[in-house]
Amino acid sequence: MLRTNFDKKINECMSNHLDSVNNDKWRNKYHIMAPIGWINDPNGLCEFNGEYHCFYQYSPLTPMGGLKFWGHAVSKDLANWEDKGVALYPDINEDKDGVYSGSAFVKDDTIYFFYTGNVKHQGEHDYILTGREQNVILVTSKDGINFSEKKVLLRNEDFPADMSLHVRDPKVWEEDGAYYMVLGARTKDDKGCILLYKSNDLYNWELNSVPAGRLDNMGYMWECPDTFKLDGKDVLMFSPQGMEAEGYKYNNVYQCGYALGSFDDNKQELKIGEFVEIDRGFDFYAPQTFEDSKGRRIVIGWMGVPDAVEHKNPTIDNFWQHQLTIPRELVLKNNRVYQIPVVELEALRKGESVKNNVSLNEETTLDIFESNTFELNIKFENSNEFEVELREDCKLSFSNKLFKLQLGKSGYGRDMRAVEIESVNAIRIFSDNSSLEIFLNNGEEVFSTRIYNDSVDTALKLRGNGSAIVEKWNF
Ligand code: FRU
């Protein structure tokens, strides 16, 4: 379909639904959301000419996630984002059923975008072995707003013969004078893996490695792979589908995490270490990283999970669904990837903080919240057991080396997620009108979740042993 026809439909949708989106009490204040309709993966993250760009999977025509476009948000400071509307449309044969996920690579004065063009054929198909095309497509831009013609670089027949038709989500980077691309894939015998391609000119790509992954207990498909170095170590982040739950691990329908790996010198083989979930909450998937001009490795994730059926997002009644996470800096500590909210988010703090010292031996109620948009820091001293309650029915507890997040009615089906952890000495919470991002021990573990409260609960309740210093800023 032509862009002008898409624009007409999107404008119609906007005039019918934009007011109900913008007037929703659950609309967030400082998170990237689609202006209308549905958002999923962050795409094409980069810093270019002094601005941060976050493109994203966007279905403007329905809050349930239909045909995918790329939306676009820009920021000068990683804290305040401005939406720029649709960037890429599904307007060629090779992407007619969706401009799927991809990445940005900045070179000189140009951004090179690599994404997956999704195509579905009519007829009786399983869309795994027949009926689908997934094409790697390149489009360039000198400003992030205007784009070149699209160029198809790789098609299914270019991928190894034992791959199914699910091969997607290119992430491109440069190393030692060569360009590399990872793709997530599903083999014909239903094993998740990644493919690594190499190029000298960004246009011609050759398979460089044996597919990495194909493990027995690691799912049938790996989506959105991303590899990068932290502190000299290779990190592979990806979103596997089809892993079985194991106690408190892998409780979401699809997983998301990382493994420390090692490439050999020619990048022909990648060894993958233990898989670690990167976020323990209900709503986190398909993250993407980029390196900014300060040399930081920054991640943004989708605060949602595909095909999640056990919980709901009531915002669909107001024609929108999902959001992205705050930007978080990735740091390697003790061979673990820590996520730390980028320091620029401190600019969201309004006025002075409210600070309290609390003994935890008796239950204390602090009446400190004026709205649901705040940052809360709690530092625990001599405490190996505590419970914290906020936002009506959200309970955070630590006991017997288990940290739990529990939600009641406001979770709309989200009940409990937990992680085994030696000690918890600090909790930092970024709260928005319908989301919580909870960082333990300065980013050692993170829980991201949506939460839908009927009203503002002003109280923070604390009990346990030891004491706590509580500090809160309004946002
Ligand atoms: C991950 C994903 C990607 C795909 C995109 C489509 O959430 O399924 O693999 O490119 O979303 O929207």
Side-chain angles (χ1 to χ4, degrees), residues 32 34 37-45 54-72 86-90 94-104 113-120 127-128 132-139 153-154 156 159 163-172 181-187 192-195 213 219-226 236-243 252-257 278-279 282-289 299-309 313 321-325 448:
I32 297 174
W38 160 286
I39 187 171
N40 58 302
D41 316 354
N43 294 150
L45 298 182
C54 176
F55 298 83
Y56 54 83
Q57 288 288 286
Y58 181 25
S59 287
L61 302 175
T62 155
M64 305 311 284
L67 185 62
K68 299 287 160 58
F69 299 63
W70 272 28
H72 183 200
V86 175
L88 297 177
Y89 297 72
E94 287 87 350
D95 68 11
K96 72 176 182 57
D97 297 302
V99 186
Y100 272 18
S101 283
S103 58
F113 295 96
F114 299 84
Y115 71 89
T116 297
N118 188 56
V119 178
K120 283 174 116 177
Y127 296 103
I128 301 166
R132 182 186 291 275
E133 290 169 39
Q134 298 212 308
N135 303 299
V136 176
I137 301 177
L138 168 68
V139 67
L153 302 180
L154 294 168
N156 288 95
F159 301 134
M163 292 302 131
S164 73
L165 299 174
H166 285 261
V167 179
R168 59 176 170 269
D169 308 336
K171 178 84 197 312
V172 170
M181 174 195 291
V182 269
L183 288 161
R186 170 179 189 154
T187 61
C193 67
I194 62 165
L195 305 177
Y220 56 79
M221 169 70 194
W222 290 5
E223 296 191 305
C224 300
D226 192 349
L236 170 65
M237 208 171 66
F238 58 107
S239 297
Q241 298 186 319
M243 287 179 73
N252 290 341
V253 46
Y254 301 139
Q255 315 313 321
C256 177
I278 192 150
D279 191 293
F282 300 95
D283 296 278
F284 190 87
Y285 195 72
Q288 187 176 91
T289 73
V299 68
I300 295 180
W302 172 29
M303 268 181 89
V305 179
D307 304 328
V309 285
N313 298 304
Q321 188 167 201
H322 301 308
Q323 67 181 50
L324 305 186
T325 65
S448 302

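Remember, it's 1-based here, ligands and their atoms both numbered in the order they're listed.
- Partners of K68 under the salt bridge (charged side-chain N to carboxylate O under 4.0 Å, His left out) rule, at least two apart in sequence or in another chain, do not exist in this structure.
- Under the side chain to side chain contact (heavy atoms under 4.5 Å, CB included) criterion, V119 pairs with K96, D97, H121, E133, N135, not counting sequence neighbours.
- Ring centroids of F55 and F113 are separated by less than 6.0 Å, placing the two rings close together.
- A search for side-chain hydrogen bond (donor to acceptor under 3.5 Å, both in side chains) contacts involving D41 returns S101, not counting sequence neighbours.
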Below 3.5 Å only, please: the N or O atoms of ligand 1 paired with protein N or O atoms, distance on each line.
from: ligand 1; atom 1: 7 (O); to: D41; atom 2: OD1; distance (Å): 2.8
from: ligand 1; atom 1: 7 (O); to: D41; atom 2: OD2; distance (Å): 3.3
from: ligand 1; atom 1: 8 (O); to: E223; atom 2: OE1; distance (Å): 3.4
from: ligand 1; atom 1: 8 (O); to: E223; atom 2: OE2; distance (Å): 2.8
from: ligand 1; atom 1: 9 (O); to: R168; atom 2: NE; distance (Å): 2.8
from: ligand 1; atom 1: 9 (O); to: D169; atom 2: OD1; distance (Å): 3.4
from: ligand 1; atom 1: 9 (O); to: D169; atom 2: OD2; distance (Å): 2.7
from: ligand 1; atom 1: 9 (O); to: E223; atom 2: OE2; distance (Å): 2.9
from: ligand 1; atom 1: 10 (O); to: S101; atom 2: N; distance (Å): 3.1
from: ligand 1; atom 1: 10 (O); to: D169; atom 2: OD1; distance (Å): 2.6
from: ligand 1; atom 1: 11 (O); to: N40; atom 2: ND2; distance (Å): 3.2
from: ligand 1; atom 1: 11 (O); to: D41; atom 2: OD2; distance (Å): 3.1
from: ligand 1; atom 1: 12 (O); to: N40; atom 2: ND2; distance (Å): 3.1
from: ligand 1; atom 1: 12 (O); to: Q57; atom 2: OE1; distance (Å): 2.6
from: ligand 1; atom 1: 12 (O); to: K68; atom 2: NZ; distance (Å): 3.2

- Task: Start with the C-alpha distance between Q288 and N43, add both sets of side-chain angles, then the distance that settles side chain to side chain donor-acceptor pair (under 3.5 Å), and finish with yes or no.
- Result: CA-CA 7 Å; Q288 187 176 91; N43 294 150; 5.7 Å; no
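- Tested against P287 for a side-chain contact (heavy atoms from CB on, under 4.5 Å), the candidates S239, P42, C224 yield a single pass: S239.
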